[in-house]
Amino acid sequence: MLAYEIPFAFSPVSAGFPSPADDYLEGRLNIHTHLVKKPASTIFMEAPDDSMVEFGIFQGDMLIVDQSLKPQNNKMVVVDFEGERVVRRFIEKKGRRFLAVGKKNPRYTSIDTEYGVNIIGVATYVIRDLLNR
């Protein structure tokens with residue numbers, strides 16, 4: 001597997017006027033080592049739908065998913081449900097586990113984990129294509 005390093009400016013990015021310091025690159029950044037903590041258990045996948053826009057995950061976004069992490073309350077998980085991969089928010093309440101969608105998107109429903117759900121992994125990062133939005 002190849003890991004590319006790209007120039008990295010340590011100064012923060014503002015949405016206003018550029019900083020004069022932006023002309024000076026201060027190091028190299030390897031995206032793979034920065035975003036992938038456990039390469040052997042990490043997969044990349046595309047967000048399949050717009051069910052999680054309330055949480056900043058849009059259809060077509062690239063998700064970095066760590067299959068070695070255990071789901072924790074309110075974390076995003078990727079699951080295989082009825083033959084489809086979906087992204088949901090993991091909720092644990094009073095001993096029951098649910099996979100919730102945002103309230104702003106009524107086209108999708110939450111899933112009770114008692115009904116044949118295979119949790120693939122925990123989504124750790126989202127990468128969004130800003131040029132084609």
I'd like to check V86 versus I111 (side-chain heavy atoms, cut-off strictly below 4.5 Å). Are they in contact?
yes

Could you tell me which non-hydrogen atom of F58 sits nearest to which non-hydrogen atom of A47, and how far apart they are?
O-CB, 3.4 Å

If you measure only the distance, is there a donor-acceptor pair under 3.5 Å linking the side chains of D66 and S41?
yes

Decide, yes or no, whether a salt bridge links R107 with D50 under the criterion of side-chain N to carboxylate O below 4.0 Å.
yes

Apply side-chain contact (heavy atoms from CB on, under 4.5 Å) to M76 and V122, showing your working.
CA-CA 6 Å; M76 298 299 161; V122 177; over 6 Å; no

So if I apply the side chain to side chain contact (heavy atoms under 4.5 Å, CB included) rule between M45 and each of L63, I64, D61, which one comes out positive?
L63

Is it true that D80 and R85 have a side-chain N and a carboxylate O under 4.0 angstrom from each other?
no

How far apart are the closest heavy atoms of M52 and A100, and which atoms are they?
CE-O, 3.7 Å

Looking at K37, I want to see if its NZ is surrounded by more than 12 non-hydrogen atoms of other residues, nucleotides or ligands under 6.0 Å.
yes

Would you say that T124 contacts V65 through its side chain, given a criterion of any heavy-atom pair below 4.5 Å between the two side chains?
no

If you compare all heavy atoms of S51 against all heavy atoms of R88, which two are closest, and at what distance to 0.1 Å?
OG-NH1, 3.1 Å

May I ask you to test the P39-H32 pair for a side-chain heavy-atom distance under 4.5 Å?
yes

Using modelled atom types and a 3.5 Å cut-off, is there a donor and acceptor pairing between side-chain atoms of R128 and backbone atoms of G56?
yes

Please assess Q67 against I120 for the test side-chain contact (heavy atoms from CB on, under 4.5 Å), listing each intermediate value before the final yes or no.
CA-CA 6 Å; Q67 297 176 296; I120 295 167; 3.6 Å; yes

Any side-chain heavy-atom pair of L69 and K38 under 4.5 Å:
yes

Full working for side-chain contact (heavy atoms from CB on, under 4.5 Å) between F98 and R96:
CA-CA 7 Å; F98 297 92; R96 297 209 47 201; 3.7 Å; yes

Examine the side chains of R89 and S110 and answer whether a donor and an acceptor come within less than 3.5 Å of each other.
no

Tell me whether F55 is reachable from V79 by hopping between hydrophobic residues (I, L, V, M, F, W, Y) whose side-chain heavy atoms are closer than 4.5 Å.
no

Evaluate I91 against L99 for side-chain contact (heavy atoms from CB on, under 4.5 Å), listing each step before the verdict.
CA-CA 6 Å; I91 303 291; L99 303 171; over 6 Å; no

Shortest non-hydrogen pair, F90 vs R97, comes out as CZ-CD, 3.7 Å

Verify the cluster assignment for L35 and F44: are they in a single hydrophobic cluster under the rule of side-chain heavy atoms below 4.5 Å apart?
yes

In terms of hydrophobic clustering (I, L, V, M, F, W, Y; side-chain heavy atoms under 4.5 Å; direct or indirect links), are V78 and I57 co-clustered?
yes

